[in-house]
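A short worksheet on the structure shown next.
Keep in mind that the numbers below use all heavy atoms, side chains included, and drop hydrogens, waters and symmetry copies.
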2 protein chains.
Amino acid sequence: MPVAPPRPKDIPLTALRAFEAAARLHGFAAAAQELGVTPGAVTAHVKQLEVTLGAPLFTRTPRGVRLTALGQQTLPQFTQAFDALGQAVNDLRAAAAPRTVHIATLPAIAQLWLSPRLPALRAAAPDITVSITALEQPPNLKRSPYDLSLFFHDDPQDRIAPDTIFPVCAPSLAARLTSPDDIARFPCLSDAAWSDDWSLWAQSLPAPPAIAQGPTFSLYALAVEECVNGAGLLIGHEALVARHLADGRLTAPFAPRLTLQRGLRLWSDRPLRAGTAARFVADWLRRTPPDDAPLASPAPPATHP
Amino acid sequence: MPVAPPRPKDIPLTALRAFEAAARLHGFAAAAQELGVTPGAVTAHVKQLEVTLGAPLFTRTPRGVRLTALGQQTLPQFTQAFDALGQAVNDLRAAAAPRTVHIATLPAIAQLWLSPRLPALRAAAPDITVSITALEQPPNLKRSPYDLSLFFHDDPQDRIAPDTIFPVCAPSLAARLTSPDDIARFPCLSDAAWSDDWSLWAQSLPAPPAIAQGPTFSLYALAVEECVNGAGLLIGHEALVARHLADGRLTAPFAPRLTLQRGLRLWSDRPLRAGTAARFVADWLRRTPPDDAPLASPAPPATHP
DNA sequence: AACTAGGCTCAGGAAAATTGACCCTCACAT
DNA sequence: ATGTGAGGGTCAATTTTCCTGAGCCTAGTT
């Protein structure tokens with residue numbers, strides 16, 4: 001009967017990951033968001049680590065946490081190690097499914113910009129499977145299983161289109177508008193995440209009109225739909241409403257347009273090697289015709305498995 | 001009400017670790033041992049990884065597993081990443097408790113060689129805490145929380161002492177022995193892990209004597225204790241019985257000794273920087289007087305916290 | 001004085017991880 | 001051919017871990 005060597009159980013990897021994220025992002029709340037858990041979970045992990053270590057890694061203040069010298073000293077090693085691990089996972093995933101491309105994007109972009117382009121993309125590369133995940137925030141590409149990110153972003157690199165905003169509405173409603181001052185007479189739809197669209201645009205005018213507060217939507221695509229139905233005015237983002245403008249479901253009743261600092265950006269954190277599916281998709285999306293140009297064919301009814 | 005973005009849950013880190021270990025060690029059983037779990041757990045992890053990946057990582061054969069091309073391709077990245085992570089953990093641990101040294105060693109060595117030296121070591125460096133973990137196998141130092149390993153090992157580097165074996169017994173029993181052929185008349189104790197000690201020694205003689213099979217112990221220290229009690233003969237490992245020989249509790253009735261290929265080795269996988277506690281302890285243990293030299297003082301009854 | 005951001009705590013419950021017992025297959029040595 | 005042992009696979013049950021949700025706390029801010 002061999003004596004069972006009671007191995008001292010080592011530190012759980014999740015605790016290390018929580019520490020690394022919290023340290024890198026300067027806060028438990030931010031770490032929790034990146035890891036997709038609640039702040040309480042991060043608290044618990046870090047505490048566990050500190051207990052088994054016998055030394056504090058953060059000094060807690062009521063306004064957040066600050067790394068101790070001990071934490072600062074080893075953070076870079078952990079960040080590097082987890083980056084390497086994330087890279088390895090991504091490479092493994094890519095090698096396992098070389099013809100699948102994972103795109104992370106905003107729900108609005110997914111529905112209004114990306115989705116309409118998919119049929120043509122499928123036609124151009126039938127062997128490539130595109131998987132789209134809607135996220136509110138751009139993920140950390142070093143750690144997440146996405147090949148491409150497509151978001152509005154301040155960085156002008158990899159920009160596909162500027163973000164130009166202006167009021168839009170159903171044609172029937174447009175007929176009853178003559179000047180920006182008429183805006184006050186109709187509800188102004190807005191998206192919860194882009195709640196200051198209206199004031200941004202209004203402030204860019206020489207004489208800012210009054211804005212009639214209308215319903216707020218949590219999904220921009222929903223707001224667009226309501227706008228098409230004549231529910232009111234909406235601030236259109238050119239890239240997202242171009243198709244509706246082109247086919248006449250929406251119209252832009254006023255000339256002034258405001259181009260924001262940010263723009264639609266399609267990027268990857270690692271180099272896209274030539275010949276890979278991700279590279280092809282990225283190139284294709286960058287070359288894709290603007291929405292106001294006619295498309296080759298309407299969307300086929302095919303659904304992909 | 002913001003839409004909850006249903007984040008696709010990513011691959012558990014434990015599955016990746018299981019894959020890496022299994023691939024590096026060429027087998028699930030070996031990986032299970034390194035990770036301190038049962039083979040079934042490794043099987044489950046690897047399978048989970050293969051399922052989420054949609055591609056096999058190993059080809060199963062009745063005699064083990066072999067990595068697929070996919071696995072081979074990414075294994076180095078994972079090994080590197082986990083090595084870096086282990087390194088980071090070790091550094092973190094060292095920084096958190098700079099005056100604690102963790103030693104991994106065989107139970108027998110811990111009890112018969114290391115433990116008797118601890119009082120003097122404590123006296124030489126009262127501020128250093130030595131933590132000893134008994135393991136049957138030398139751990140992977142890159143991954144485990146030990147600063148030093150102390151095992152019998154074939155590698156002549158860092159050797160502290162040769163492993164020389166010869167029969168020992170209680171003095172009362174020795175009085176009844178005159179030649180190796182008398183061995184057959186007394187039980188020969190043996191340790192389960194070193195079951196061929198007797199035959200190794202016997203084969204080294206010009207005329208191998210017969211060996212009377214005696215009780216087998218799972219702990220060498222237990223066998224030594226029984227031997228002291230006169231239960232029979234035991235193959236002594238010089239490093240482990242030197243103290244008993246020196247103080248007369250045991251005696252070596254026959255002259256022939258056999259020095260094995262392996263020896264007692266004290267090593268670390270990472271460089272021991274000067275001034276660290278681990279370095280001090282390693283140096284001290286290497287300089288420590290052999291057991292047959294008198295010690296400065298007998299072991300004080302103090303136990304360390 | 002209320003509000004907010006950021007953490008902490010704790011109990012309860014969901015999800016992993018792990019075990020343990022058993023089956024299977026082959027290579028190798030009877 | 002007949003064991004035997006090594007190496008994996010499977011499955012149900014259990015333990016462990018992980019996470020949440022609600023509420024509390026503190027210190028800046030309005």
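Between the P atom of dA16(C) and the CG atom of Leu16(B) lies a distance of 15 Å, rounded to the nearest Å. If you measure from atom CD of Gln33(A) to atom P of dG7(C), you get 12 Å, rounded to the nearest angstrom. For Glu50(A) and dC8(C), the CD to P distance is 8 Å, given to the nearest whole Å. The nearest whole Å value for the distance from the CG atom in Leu35(B) to the C1' atom in dT19(C) is 15 Å. In this structure, Leu57(A) atom CG and dG7(C) atom C1' are separated by 16 Å, rounded to whole Å. Between the CG atom of Leu13(A) and the P atom of dA16(C) there is a distance of 16 Å, given to the nearest Å. The interatomic distance linking Arg17(A) (CZ) with dC19(D) (P) rounds to 8 Å, in whole Å.
Residue His26(A) places none of its side-chain N or O atoms closer than 4.0 Å to OP1 or OP2 of dG6(C). Checking the phosphate oxygens (OP1, OP2) of dT10(D), a side-chain nitrogen or oxygen of Lys47(B) falls inside 4.0 Å. Between dT17(D) and Gln48(A), no contact under 4.0 Å exists linking OP1 or OP2 to a side-chain N or O. Side-chain N/O atoms of Thr38(B) include one lying less than 4.0 angstrom from OP1 or OP2 on dT19(C). Distances shown here put every side-chain N or O of His45(A) at or beyond 4.0 Å from the OP1 or OP2 atom of dT17(D).
The line from OG1 of Thr105(A) to CG of Leu264(A) is 7.0 Å long, rounded to the nearest 0.5 Å. Here the CG-CD1 distance, from Asp197(A) to Ile165(A), works out to 5.0 Å after rounding to the nearest 0.5 Å.
Nearest to the side-chain atoms of Phe28(A) among the listed nucleotides dC18(D), dG7(C), dA17(C) stands dG7(C). Checking dC18(D), dA17(C), dT20(D) against every side-chain atom of Thr14(A), the shortest atom distance belongs to dC18(D). The side chain of Pro12(A) lies closest to dC18(D), out of dG7(C), dG8(D), dC18(D). With distances taken from any side-chain atom of Val65(B) to the nucleotides dG7(C), dC18(D), dG8(D), the minimum falls on dG8(D). Picking from dC18(D), dT19(C), dG7(C) the nucleotide with the shortest atom distance to the side chain of Arg60(A) gives dG7(C). Looking at the side chain of Thr43(A), the nearest of the listed nucleotides dC19(D), dT9(C), dG9(D) is dT9(C). Distance from the side chain of Val37(B) is smallest for dT18(C) among the nucleotides dA17(C), dT18(C), dT20(D).
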A correct 5'-to-3' footprint of nucleotides 24-30 of chain C, with B, S and - meaning base, sugar-phosphate only and no protein heavy atom under 4.0 Å, is -BSS---

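When Leu260(B), Asp196(B), Ile183(B) are each tested for a side-chain contact (heavy atoms from CB on, under 4.5 Å) with Trp201(B), only one passes: Ile183(B).
Relative orientation of the Phe19(B) and Phe78(B) rings is perpendicular, given thresholds of 30° and 60° on the angle between their planes.
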Starting from the C-alpha separation in whole Å, work towards a yes-or-no answer on side chain to side chain contact (heavy atoms under 4.5 Å, CB included) for Glu50(B) and Phe58(B). CA-CA 9 Å; Glu50(B) 289 178 326; Phe58(B) 294 93; 4.2 Å; yes

Would you sort out whether Phe217(A) and Trp194(A) count as a ring-ring contact (aromatic ring centres under 6.0 Å, His included), showing the intermediate values? CA-CA 10 Å; Phe217(A) 297 85; Trp194(A) 293 328; over 10 Å; no

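Within the nucleic acid shown, Ala41(A) comes within 4.0 Å of at least one base atom, counting heavy atoms only.
Within 6.0 Å of CZ in Arg66(A) there are 12 or fewer heavy atoms belonging to other residues, nucleotides or ligands.
Along DNA chain C, the nucleotide nearest Ala44(A) and the nucleotide nearest Gly64(A) are compared for position; the residue whose nucleotide lies closer to the 5' end is Gly64(A).
Judged as a side chain to side chain contact (heavy atoms under 4.5 Å, CB included), and not counting sequence neighbours, the contacts of Lys142(A) are Asp83(A), Asn140(A), Asp269(A).
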